[in-house]
Amino acid sequence: MQTRSEPTTVIRSARSVRAACAAAALLAVSACSSGPTPPDLAAPQVTGTVYVAGTAADGSSTVWQVTRGAAKPLLSEGAQILPLTSVSLSPDGAHLAYVSANSLYVKDLRTGAALPGRLAADAVPEAAADPGMPQGSPCSVWSPDGKRVAFTVQRGVFVFDTAGTGSRVSGRPVSAWREGRRDLRNLASPPTYHDARATSEMTCAHWAGATRLVFDRVGQDRAESIGSAAEANTTTLARVDAKAPQLTNLSARWSASDTCGDRVLLDYHPEQSPAATPSPVANSARRPGTPLLMAASSLDYRAYADSPQTAAEALTSTGIAAEGSVWYFAPDTCRLTTAAPKSADEGTYDYLVTTLDGKTGKTVQQRTLPLAVGAGSPLARPAGGHVTALAAPGGHTIAYATRDGKIAVVDLGSGGATELKGPWKNAVSAVGWRSN
């Protein structure tokens with residue numbers, strides 16, 4: 001009887017790839033890169049369990065659990081059934097949230113039970129989309145305490161607990177207008193009017209502390225609109241610790257990029273606030289703004305929610321606003337670590353690595369460190385944003401998906417980099433990383 005072997009994971013360092021490339025050059029093989037030489041640094045060791053979302057060779061969307069060289073599939077569905085943007089791992093590594101076959105799910109990884117999200121008063125699983133609504137990219141984000149998960153899908157924002165019970169926080173904004181039509185064969189005739197409606201966009205809801213969500217509700221103005229205009233663009237702060245969510249439209253434009261405990265990392269855009277311009281740009285189209293670190297409890301005060309810069313520590317000295325910058329919160333201390341490229345040139349390997357106190361936002365350590373990623377290396381630079389870090393005390397190793405579908409592992413203590421190989425054909429994201 002033939003046994004099926006478990007798919008394995010192969011670790012390949014930048015140093016070993018360069019050695020193979022040099023050997024090929026001696027044999028007059030010209031396939032090696034002629035780009036700049038990356039720093040020769042020892043590859044980091046990959047310990048613990050890494051969770052990878054990506055596509056398999058057959059085109060299916062899959063989430064793998066990778067431990068000590070073995071890759072175990074946790075989810076596997078058709079690409080249209082399981083959008084990988086919807087997958088997220090709870091902070092304690094016990095639950096996985098995702099959208100599948102138009103339902104919202106919370107899966108207990110300890111028991112294997114997958115519970116569909118239901119509203120508290122409804123026994124029917126909540127649908128992610130309605131027929132005829134425009135397609136979007138659903139997402140899910142866990143609260144910092146890991147007790148609840150926020151889904152942003154076509155039908156709005158929903159919050160569920162680990163048992164799959166929850167509530168709807170907000171629906172998508174609907175633009176309404178009166179549209180006129182004239183008979184071109186008889187221009188003297190009066191136009192006929194009808195009511196028109198269109199569902200607009202929402203940005204992915206992120207937690208700002210354990211009881212607040214922040215997202216944008218984006219109205220779509222129509223050039224041919226007659227009568228009432230579309231709903232104005234708003235940054236909305238939602239409190240979800242009461243029976244009914246409390247929504248507040250803010251006069252400032254900012255988004256919550258990440259949260260750890262009571263600390264929240266903000267991206268603030270004062271130039272795009274309604275008071276500054278009649279047509280503020282949506283979050284999805286924004287360039288990086290002013291990075292701020294503040295206490296989420298400060299958002300209880302409307303003055304701070306409307307003007308977050310008055311209650312936060314500015315992080316401009318970290319370079320985090322530069323394209324390709326990454327960050328993560330250390331799970332044990334909520335210290336924030338950022339890594340910003342010193343130059344946009346792919347052939348420049350130097351990064352400014354900064355560690356900030358999780359409570360005060362003050363710089364604890366800052367140094368320039370070469371990272372073995374970029375041109376000339378088998379691993380591309382990170383695209384930017386939040387990256388997955390090893391959830392272990394004192395850990396400085398991060399993992400991210402590269403633009404060409406690889407999983408890169410980089411040590412922000414030494415600068416060494418390696419590739420985590422597995423059965424995926426195209427890795428989309430490193431969903432989480434837990435110590436064993």
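Heavy-atom basis, side chains included; hydrogens, waters and symmetry copies ignored.
- The backbone N or O of T236 lies less than 3.5 Å from no partner atom in the side chain of T248, so there is not a single donor-acceptor pair.
- A donor and an acceptor atom, one from each side chain of S257 and D267, are nowhere located under 3.5 Å apart.
- Taking the side chain as every heavy atom from C-beta outward, M294 and L266 approach each other to under 4.5 Å.
- Side chains of T418 and L420 form no contact here, defined as non-hydrogen atoms less than 4.5 Å apart.
- For the side-chain hydrogen bond (donor to acceptor under 3.5 Å, both in side chains) with Q366, the lone residue among T355, T354, T338 that qualifies is T354.
- Applying the side-chain hydrogen bond (donor to acceptor under 3.5 Å, both in side chains) rule to T402 yields the partners D404; only residues at least two apart in sequence or on another chain are considered.
- The backbone N or O of P378 lies less than 3.5 Å from a partner atom in the side chain of K406, making a donor-acceptor pair.
- For D58, the salt bridge (charged side-chain N to carboxylate O under 4.0 Å, His left out) test picks out no residue, with sequence neighbours left out.
- Annotation: the span from W64 atom CH2 to L74 atom CG amounts to 10.5 Å, rounded to 0.5 Å.
- Within the structure, no pair that satisfies the disulfide (SG to SG under 2.5 Å) test touches residues 403-436, not counting sequence neighbours.
- Under the side chain to side chain contact (heavy atoms under 4.5 Å, CB included) criterion, S88 pairs with A97, S140, W142, V149, sequence neighbours left out.
- Here Q246 pairs with nothing under the side-chain hydrogen bond (donor to acceptor under 3.5 Å, both in side chains) rule; sequence neighbours left out.
- Residues W207 and A210 come closest through the heavy atom pair CZ3-O, 3.4 Å.
- The structure places NZ of K107 at 15.5 Å from OG1 of T162, a figure rounded to the nearest 0.5 Å.
- Between the CZ atom in R239 and the OG1 atom in T211 there is a gap of 4.5 Å [rounded to 0.5 Å].
- Here the closest non-hydrogen pair linking Y268 and P308 is CD1-CG, 3.8 Å.
- In this structure, V153 and V99 have side chains that are in contact, with non-hydrogen atoms separated by less than 4.5 Å.
- Looking at P382, P291, P341 one by one, the single match for side chain to side chain contact (heavy atoms under 4.5 Å, CB included) with S325 turns out to be P341.
- The main-chain N or O of G415 is never found under 3.5 Å from a side-chain atom of D411 such that the two would form a donor-acceptor pair.
- Using a 3.5 Å distance cut-off with no hydrogens or angles, the side chains of S137 and T85 do not pair a donor with an acceptor.
- Atom-to-atom distance recorded for L356:CG and L315:CG is 5.5 Å, nearest 0.5 angstrom.
- K342 meets the side chain to side chain contact (heavy atoms under 4.5 Å, CB included) test with D350, L352, T368; sequence neighbours excluded.
- We find the CG-CG distance between L265 and L336 to be 6.0 Å, quoted to the nearest 0.5 Å.
- Remark: R110 pairs with D108 by the salt bridge (charged side-chain N to carboxylate O under 4.0 Å, His left out) rule, at least two apart or across chains.
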* Would you check, one step at a time, whether the test side chain to side chain contact (heavy atoms under 4.5 Å, CB included) holds for F160 with L104? => CA-CA 9 Å; F160 296 102; L104 317 177; 3.4 Å; yes

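- Counted by atom type alone, S143 and R148 present zero donor-acceptor pairs between their side chains at under 3.5 Å.
- Looking at R155 and R168, their side chains come closer than 4.5 Å, going by heavy atoms from C-beta outward.
- In this structure R335 satisfies the salt bridge (charged side-chain N to carboxylate O under 4.0 Å, His left out) test with no other residue, sequence neighbours excluded.
- Looking at every heavy atom in both residues, L412 comes nearest to Y328 through CD1-CE2, 3.8 Å.
- Listed for the R217 side chain is no donor-acceptor partner under 3.5 Å among the backbone atoms of T203.
- Remark: R381 engages no residue in a salt bridge (charged side-chain N to carboxylate O under 4.0 Å, His left out) (not counting sequence neighbours).
- Looking at L89 and L109, their side chains come closer than 4.5 Å, going by heavy atoms from C-beta outward.
- Of the candidates L237, V169, V157, V169 is the only one forming a side chain to side chain contact (heavy atoms under 4.5 Å, CB included) with L247.
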* To do: For side chain to side chain contact (heavy atoms under 4.5 Å, CB included), just list the numbers for L369 and Y351, CA-CA rounded to whole Å, side-chain angles, deciding distance to a tenth of an Å, and then say yes or no.
  => CA-CA 5 Å; L369 179 72; Y351 275 69; 5.5 Å; no

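- Under the salt bridge (Lys or Arg N to Asp or Glu O under 4.0 Å) criterion, no residue pair touches residues 425-436, with sequence neighbours excluded.
- Two residues are said to be in side-chain contact when any heavy atoms from C-beta on lie closer than 4.5 Å; L292 and Q309 meet this criterion.
- A donor-acceptor pair is defined here as one N or O able to donate and one able to accept, closer than 3.5 Å; no such pair exists between the side chain of W254 and the backbone of T235.
- Under the rule for a side-chain hydrogen bond (donor to acceptor under 3.5 Å, both in side chains), the partners of S297 that lie at least two apart in sequence or sit in another chain are D262.
- Two rings, from F151 and F158, have their centers 6.0 Å or more apart.
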* Report the C-alpha distance between K421 and W424 in whole Å, list the side-chain angles of each, state the deciding distance to 0.1 Å, and finish with yes or no for side chain to side chain contact (heavy atoms under 4.5 Å, CB included). => CA-CA 8 Å; K421 296 284 286 185; W424 47 85; 5.7 Å; no

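- Minimum heavy-atom separation, L379 to A417: CD1-CB, 4.1 Å.
- The environment of Q45 atom CD is sparse: at most 12 non-hydrogen atoms of other residues, nucleotides or ligands sit within 6.0 angstrom.
- Within the 4.5 Å cutoff, side-chain heavy atoms of Y400 are placed close to those of V410.
- Looking at heavy atoms from C-beta onward, W433 lies in side-chain contact with V409 at the 4.5 angstrom threshold.
- Between the side chain of S377 and the backbone N or O of A372 there is at least one donor-acceptor pair closer than 3.5 Å.
- Of all heavy-atom pairs between L213 and A150, the closest is CD2-CB, 3.7 Å.
- The minimum heavy-atom distance between L84 and V428, with the atom names listed, is CD1-CG2, 3.7 Å.
- Listed by chain and residue number, D92 satisfy the side-chain hydrogen bond (donor to acceptor under 3.5 Å, both in side chains) test with S90 (two or more places apart in sequence, or in another chain).
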* Step-by-step side chain to side chain contact (heavy atoms under 4.5 Å, CB included) determination, S61 to E77 -> CA-CA 5 Å; S61 295; E77 301 282 359; 5.6 Å; no

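- Distance check: T152 OG1 to D216 CG gives 11.5 Å after rounding to the nearest 0.5 Å.
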